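Treat the numbers as computed from the prediction; the structure is a model and nothing was measured. In the text below, chain A, chain B and the rest are named by the order of the sequence lines, each starting its count at 1. Both backbone and side-chain heavy atoms feed into the values below; hydrogens, waters and symmetry mates do not.
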Protein chains: 2
Amino acid sequence: MNDIIGRVADKWTLLILEALDENGVVRFKELSRLIPGISQKMLTQTLRQMECDGLVKRTVYAEVPPRVEYELTPLGFSLGEAFCGVWTWAEKHYAEIEAARKKFARRQRG
Amino acid sequence: MNDIIGRVADKWTLLILEALDENGVVRFKELSRLIPGISQKMLTQTLRQMECDGLVKRTVYAEVPPRVEYELTPLGFSLGEAFCGVWTWAEKHYAEIEAARKKFARRQRG
DNA sequence: CAGAATCCTCCATGATACTG
DNA sequence: CAGTATCATGGAGGATTCTG
């Protein structure tokens with residue numbers, strides 16, 4: 001159980017989840033463009049993990065040049081909805097956290 | 001925004017959040033007992049971060065031996081509620097993920 | 001008891017090169 | 001294009017020691 005949370009609450013996993021949730025069916029290279037800062041290695045690795053966990057469906061087309069498409073499974077979409085609460089929490093309380101940090105910094109110096 | 005998620009979706013942060021949410025006001029040493037596997041360093045470090053972000057309130061008593069108590073702020077509790085969806089998701093779909101993993105492993109071998 | 005400070009290790013990740 | 005393979009490294013985190 002704890003390991004499920006650990007895998008699912010991963011930075012890259014969340015970003016991929018978001019990208020697929022918003023864009024539907026996406027090719028590998030397009031994904032890397034949609035997620036600034038991700039390396040090719042982490043994209044591959046995280047996608048494999050998500051596919052393994054049943055969050056992502058991977059479709060390979062026998063073409064030249066190769067084409068591989070990724071999309072969320074129903075399980076993947078349900079995870080997206082579950083995380084929705086956390087996203088909206090972050091947006092809603094962003095300013096509050098900023099303020100807390102500044103207050104904390106002042107307290108450290110004072 | 002992205003950094004908020006990154007900090008909040010941290011393994012130790014989540015475990016501390018859960019421990020405080022369930023147990024209310026807790027001393028440092030009791031926390032380390034409530035969270036098996038956490039080192040003294042990570043407990044201190046994560047608590048400081050959470051305090052800095054306004055998720056946790058820290059109270060020091062001028063006693064000998066020292067006593068320090070931790071508890072969630074309203075902001076901390078609200079984060080706990082936001083993550084509730086993810087927890088219940090994990091519980092609800094645990095078996096489904098397990099099955100997907102086994103299926104994936106078979107496919108790899110086959 | 002509740003930490004701060006130090007050292008050290010290992011692993012996740014990035015960078016690079018290669019391939020079908 | 002969509003990867004795999006290999007090497008290098010920075011930093012997260014553990015173990016230990018010390019202190020008010």
Side-chain angles (χ1 to χ4, degrees), chain A residues 2-16 19-20 23-53 56-71 104-105 107-109, chain B residues 2-17 19-20 23-53 56-72 104-105 107-109:
Chain A
N2 217 324
D3 98 296
I4 304 252
I5 298 287
R7 263 168 83 144
V8 138
D10 170 70
K11 174 188 179 183
W12 296 129
T13 303
L14 289 193
L15 291 176
I16 293 176
L20 290 178
N23 297 85
V25 180
V26 184
R27 298 181 63 168
F28 184 86
K29 188 151 197 179
E30 197 182 345
L31 258 181
S32 70
R33 261 183 284 111
L34 287 172
I35 306 174
I38 194 168
S39 67
Q40 176 267 327
K41 179 178 180 177
M42 290 317 293
L43 181 56
T44 301
Q45 187 172 308
T46 310
L47 279 170
R48 284 286 176 289
Q49 221 175 58
M50 294 174 78
E51 187 193 359
C52 170
D53 290 350
V56 158
K57 182 186 170 193
R58 177 172 180 263
T59 311
V60 183
Y61 295 89
E63 301 176 356
V64 174
R67 180 160 57 108
V68 180
E69 290 180 344
Y70 294 91
E71 61 190 307
F104 187 81
R107 180 171 304 215
Q108 289 317 74
R109 287 200 310 274
Chain B
N2 216 325
D3 99 296
I4 303 253
I5 298 288
R7 265 169 83 146
V8 138
D10 169 71
K11 175 187 177 184
W12 296 130
T13 302
L14 289 194
L15 292 176
I16 292 177
L17 193 73
L20 290 179
N23 297 86
V25 180
V26 185
R27 298 183 62 169
F28 184 87
K29 187 148 198 181
E30 196 182 346
L31 258 181
S32 71
R33 261 182 283 110
L34 287 172
I35 306 173
I38 195 170
S39 66
Q40 175 264 323
K41 179 179 180 175
M42 291 315 295
L43 182 54
T44 301
Q45 188 172 308
T46 310
L47 280 171
R48 283 289 176 288
Q49 222 173 60
M50 296 175 75
E51 187 194 358
C52 170
D53 290 350
V56 158
K57 181 186 170 193
R58 177 172 181 264
T59 310
V60 184
Y61 294 90
E63 300 176 355
V64 175
R67 179 162 56 110
V68 179
E69 290 181 342
Y70 294 92
E71 61 191 306
L72 290 185
F104 187 83
R107 179 171 306 213
Q108 291 316 74
R109 287 198 312 271

Enquirer: Tell me every residue that passes side-chain hydrogen bond (donor to acceptor under 3.5 Å, both in side chains) with B:Q108, counting only those two or more places apart in sequence or in another chain.
Expert: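 Once residues adjacent in sequence are excluded, B:Q108 has no partner under the side-chain hydrogen bond (donor to acceptor under 3.5 Å, both in side chains) criterion.
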Enquirer: Output all residues satisfying side-chain hydrogen bond (donor to acceptor under 3.5 Å, both in side chains) with B:R58, sequence neighbours left out; order by chain, then residue number.
Expert: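 Applying side-chain hydrogen bond (donor to acceptor under 3.5 Å, both in side chains) to B:R58 gives B:Y70.
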Enquirer: In Å and rounded to the nearest 0.5 Å, what is the NZ to CZ distance from A:K29 to A:R67?
Expert: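 It comes to 16.0 Å.
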Enquirer: For the pair B:E71 and B:T59, evaluate side-chain contact (heavy atoms from CB on, under 4.5 Å) and give the outcome as yes or no after the intermediate values.
Expert: CA-CA 9 Å; B:E71 61 191 306; B:T59 310; 4.2 Å; yes
Enquirer: What is the minimum heavy-atom distance between A:C52 and A:R7, and which atoms define it?
Expert: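 A:C52 and A:R7 have their closest heavy atoms at SG-NH2, 4.3 Å.
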Enquirer: Kindly say whether A:T13 contributes a backbone atom to a donor-acceptor pair with the side chain of A:D10 at under 3.5 angstrom?
Expert: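 The answer is yes, because a donor-acceptor pair under 3.5 Å joins these two groups.
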Enquirer: Are A:L34 and A:V26 packed together at the side-chain level, in the sense that at least one heavy-atom pair is separated by less than 4.5 angstrom?
Expert: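 Yes, close enough: below the 4.5 Å cut-off.
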Enquirer: Nearest-Å distance, CG (A:L43) to P (D:dA2)?
Expert: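 Checked: the CG to P distance equals 10 Å.
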Enquirer: Please report the distance, rounded to the nearest Å, between CZ in A:R58 and P in D:dA2.
Expert: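 The distance from CZ of A:R58 to P of D:dA2 comes to 10 Å, rounded to the nearest Å.
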Enquirer: Decide side-chain contact (heavy atoms from CB on, under 4.5 Å) for A:L20 and A:L31; before the verdict, give the C-alpha distance in whole Å, the side-chain angles of both, and the deciding distance to 0.1 Å.
Expert: CA-CA 8 Å; A:L20 290 178; A:L31 258 181; 4.1 Å; yes
Enquirer: Evaluate the side-chain proximity of A:L43 to A:I16: yes if any heavy-atom separation is below 4.5 Å, no if none is.
Expert: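 When only atoms from C-beta onward are counted, A:L43 and A:I16 do touch, with a gap below 4.5 Å.
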Enquirer: Could you name each residue pair satisfying side-chain hydrogen bond (donor to acceptor under 3.5 Å, both in side chains) that touches residues 42-52 of chain B, not counting sequence neighbours?
Expert: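 Checked against side-chain hydrogen bond (donor to acceptor under 3.5 Å, both in side chains) - neighbours excluded - the pairs reaching residues 42-52 of chain B are B:Q40-B:T44.
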Enquirer: Treat primed atoms plus P, OP1 and OP2 as sugar-phosphate and everything else as base, then score nucleotides 14-20 of chain D 5' to 3': B for base contact with protein heavy atoms under 4.0 Å, S for sugar-phosphate contact only, - for none.
Expert: B-B---B
Enquirer: Is B:Y61 touching bases, backbone alone, or none of the nucleic acid, heavy atoms closer than 4.0 Å?
Expert: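 B:Y61: no heavy atom of the nucleic acid under 4.0 Å.
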Enquirer: Kindly give the heavy-atom pair with the smallest separation between B:W12 and B:I35, and that separation in Å.
Expert: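 Between these two residues, the closest heavy atoms are CZ3-CG2, 4.1 Å.
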Enquirer: Could you tell me how far apart B:D10 (CG) and D:dG13 (C1') are, to the nearest whole angstrom?
Expert: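 After rounding, the reported distance stands at 11 Å.
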Enquirer: Taking five pairs at each end of the helix from C:dC1-D:dG20 to C:dG20-D:dC1, what angle separates the two helix axes (nearest 10°)?
Expert: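 End-to-end axis angle: 50°.
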Enquirer: What is the distance, rounded to the nearest whole Å, between atom CZ of A:R48 and atom P of D:dA5?
Expert: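 Atom CZ in A:R48 sits about 11 Å away from atom P in D:dA5.
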Enquirer: First and last nucleotide of DNA chain C touching chain A, 5' to 3', heavy-atom cut-off 4.0 Å?
Expert: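 In short, chain A contacts DNA chain C from C:dT13 to C:dG20.
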